[in-house]
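Notes for the one structure printed next.
Everything numeric here is computed off the predicted structure, so don't read it as measured data.
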Amino acid sequence: MVRIPTMTGSRRLLARLRDVMAGAGTSQERLDQIVSIIASDFVAEVCSVYVLRAGEVLELFAATGLASEAIHNTRLSIGEGLIGRIAVQARPLALADAQSHPDYAYRPETGEEIFQSLAGVPILRGGRVTGVLAVQNRTGRAYTEEEVETLETTAMVIAELIASSDLFSPEELHAVDGVTLLSITLDGVRLNGGLALGEAVRHERRIQILKLVSDDPVAEQRRLDNAVAEMHGAIDEMLEAKDVAEGGEHRDILETYKMFAEDAGWLARISEAITNGLTAEAAVEKVRNDTRARFRKQTDRYLRERLHDFDDLAHRLLQHLVGIQEISDVTNMPENIILFARNMGPAELLDYDRTHLRGLVLEEGSATTHVAIVARALDIPVVGRAAEVLDKVETGDTVIVDGDNAQIHIRPANDTQQAFVDTLTARAQKMATYAALRDVPAETKDGIQIALHMNAGLLADMQNIPETGADGIGLYRTEIPFMDSSDFPDVDRQAELYGRVIEQSGGKPVVFRTLDVGGDKGLPYWDTGNEENPAMGWRAIRVALDRPALMRHQLRALIRAAQDRDLSIMFPMITEIAEFDAAKKILDMEIKRALKKGRTPIRNLRVGTMLEVPALAFQMPALLKRVDFISIGSNDLFQFLFASDRGSPLIADRYDPLSPAGLHLLQSLIEQCDAASVPISLCGEMAGRPLDAMALIGLGFRTLSMAPSSIGPVKTMIRSLTAGDLTRYLESLQDVSEHSLREKLREFALDHGVMI
Ligand code: PEP
Ligand code: MG
């Protein structure tokens with residue numbers, strides 16, 4: 001239904017403001033014009049705009065009716081005076097007798113004592129306060145609700161002017177937050193160590209609104225009605241989907257969601273903003289801003305959840321109005337990005353310019369989730385399970401991520417920032433000691449040599465071989481370059497990349513794992529479908545065997561890249577011997593093809609498997625006859641062994657690989673491999689944790705592969721360990737039935753001076 005609004009004062013005003021916005025002049029000049037237009041339209045003696053500046057100060061930026069010396073001189077702190085109160089509460093205020101209000105603050109330089117009444121509204125953008133717009137009258141004027149609403153609508157235009165202007169540097173705008181102004185420290189879980197200082201970027205799809213003002217509210221209302229109808233249609237379709245129609249919790253959630261979509265108050269507020277002269281999309285955004293600002297101060301969990309619903313609905317509605325836009329503009333980003341997300345896939349992380357990525361904070365996430373693994377490869381600190389962090393941080397906030405202590409400092413005070421710089425210096429010194437270890441052997445005190453390899457996936461990782469002194473690449477995750485690409489890399493592109501990896505390894509061995517896509521490792525350009533349990537679904541070798549062309553091309557590229565050098569290939573997620581045989585057969589075919597084409601044979605071809613599925617552990621005799629090596633993928637192996645999703649924050653610490661079951665399994669695997677003289681290594685995340693690595697060495701592992709940043713700490717541990725003592729100690733623990741042996745092993749390390 002199309003409502004026919006009357007030509008409101010607000011629309012007339014907005015039309016005039018639009019002309020100013022489109023006209024010539026600096027931002028300051030336009031702001032000056034805007035305040036005088038508002039003042040005359042409102043028949044107010046004063047109209048002023050305060051802008052929130054760095055240091056949490058509201059500065060008078062433009063005013064008509066106040067002493068001109070006051071402009072850029074009058075500054076209020078947050079909460080100070082009526083203007084400060086509007087900012088801190090993110091709510092409008094309309095007072096016929098402003099001077100009798102307890103928060104009234106007298107500023108002589110403005111000459112404002114003669115003005116009796118005041119109406120002010122927060123200038124909101126993205127749900128946060130960026131300033132205050134106020135009008136004042138000499139008489140005791142009672143401002144109507146409609147007038148306040150008009151001021152709010154006008155404030156939206158000013159918000160855009162502030163955000164897109166040259167009034168001051170964008171960094172300065174970013175440094176403030178009017179909704180949650182105080183510094184906050186939040187605790188999470190360490191997913192990768194390290195320290196970083198940077199600017200928060202919320203990983204979200206932000207919709208850009210190009211047109212704010214419209215003088216055809218009928219057309220805008222029609223657009224809104226159509227978009228709402230489309231949105232309802234889409235929600236109904238979701239409800240009709242077979243699995244949802246059958247009921248269950250997700251149906252309830254969708255029903256509630258639908259109820260919000262029909263919320264008359266919400267839709268009425270959007271229509272009202274249209275009547276006041278905004279385009280449909282600007283009206284949705286305005287109401288979203290207001291809702292965000294109001295809900296954000298809610299401490300009630302239920303109500304805060306509702307904010308997510310409304311926020312999401314507004315986002316959907318905007319998509320229906322302006323079409324789906326690409327992911328938040330990842331090109332126009334700050335120098336030092338600290339990325340915040342509820343959760344994300346590894347490919348999404350790689351969309352960001354990694355030379356600017358300094359840290360990652362997730363509301364969910366666990367150590368073995370792939371995005372954390374990729375972040376670790378980028379060597380940035382990662383904190384996961386930071387509860388409700390997205391409610392507390394805004395894009396542009398200054399943030400410190402302390403991965404070592406699993407803390408995030410949002411809008412840190414200057415002292416905290418200084419302490420950060422000191423810690424960073426101390427950390428750099430520690431790193432220097434690791435670097436000094438680069439050329440010393442990873443040898444235990446009782447003379448056992450351990451080969452320390454590193455995991456890689458990006459070309460940029462290769463420089464870490466000389467930097468860390470790694471013995472080679474124990475796991476090259478070939479899916480990472482696939483994720484980092486906008487389409488399937490063809491044979492030539494792959495061969496080029498693998499060739500560079502081999503060259504940059506400087507003659508050290510590289511184990512290439514064939515494509516492990518599926519699960520949480522989606523490719524942006526390839527839809528592998530929706531599965532209930534993707535980690536146990538169509539992924540890795542299962543995909544490769546069903547789509548042999550994919551694997552043939554990859555193997556062809558690897559063979560071409562190796563030329564006459566060594567080549568090690570490893571298949572992921574092998575569950576049964578027949579799969580290994582089938583994969584090997586494809587490899588043999590490709591080798592034959594290469595020879596037929598006159599290519600020089602590979603000097604030394606080694607073919608192995610990942611051991612990530614418990615079923616394979618029960619086929620060892622047959623497997624050991626076929627493989628040249630085995631690498632245990634403990635991330636997957638333990639998620640399947642314990643039936644415990646590696647990405648779920650709820651059970652992330654529930655089961656421990658250093659438990660009787662975990663250690664028995666590893667022990668049995670190493671014994672069988674040793675007896676058959678088949679090299680075995682472990683390349684899951686546990687290999688990079690000094691205490692876990694210590695246990696692995698005690699069990700008999702002599703090769704480990706880990707994130708480059710773990711090599712220094714693990715080598716330090718190895719050089720302080722007497723492996724024989726530990727092996728004997730572990731033997732004495734054969735029959736324990738505790739949840740985990742972690743504490744016992746920690747005590748062993750402390751008692752024996754092992755540096756974990
Ligand atoms: C593993 O599962 O332990 C492993 C190394 O593979 P990914 O983490 O890539 O699944
Ligand atoms: Mg795996």
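Only one option out of Arg552, His553, Met551 pairs with Leu555 in a side chain to side chain contact (heavy atoms under 4.5 Å, CB included); it is Met551. Checked against Arg556 for a side chain to side chain contact (heavy atoms under 4.5 Å, CB included), the options Lys597, Gln494, Glu590, Met589 give a single hit: Glu590. When each of Gln672, Glu671, His664 is checked for a side chain to side chain donor-acceptor pair (under 3.5 Å) with Ser668, only Gln672 meets the rule.
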- Message: Between Asp564 and Thr600, is the side chain to side chain donor-acceptor pair (under 3.5 Å) condition met? List the steps.
- Response: CA-CA 6 Å; Asp564 56 351; Thr600 38; 5.1 Å; no
- Message: Please evaluate residues Arg742 and Ser659 with respect to the criterion side chain to side chain donor-acceptor pair (under 3.5 Å), reporting the C-alpha separation (whole Å), side-chain torsions for both, the decisive distance (0.1 Å), and the verdict.
- Response: CA-CA 8 Å; Arg742 188 168 292 277; Ser659 59; over 6 Å; no
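Taking the six-membered ring for Trp, Tyr655 and Phe638 have ring centres at least 6.0 Å apart.
For the atom pair Arg542 CZ and Arg547 CZ, the distance stands at 15.0 Å (nearest 0.5 Å). Separation of atoms CD1 (Ile586) and CD (Gln554) is listed at 11.5 Å; rounding is to 0.5 Å.
Residues Arg593 and Asp588 are not paired through a salt bridge, judged by the lack of any N-O separation under 4.0 Å between the basic side chain and the carboxylate. Look at Arg560 and Asp492 and you find a salt bridge, because one of the NZ, NE, NH1 or NH2 atoms lies within 4.0 Å of a carboxylate O, short of that distance. Checked for salt-bridge contact, Arg385 and Asp653 meet the test: a charged N lies under 4.0 Å from a carboxylate O.
Aromatic ring pairs are classed by plane angle as parallel below 30°, tilted from 30° to 60° and perpendicular above 60°; the pair Trp538 and Trp526 is tilted.
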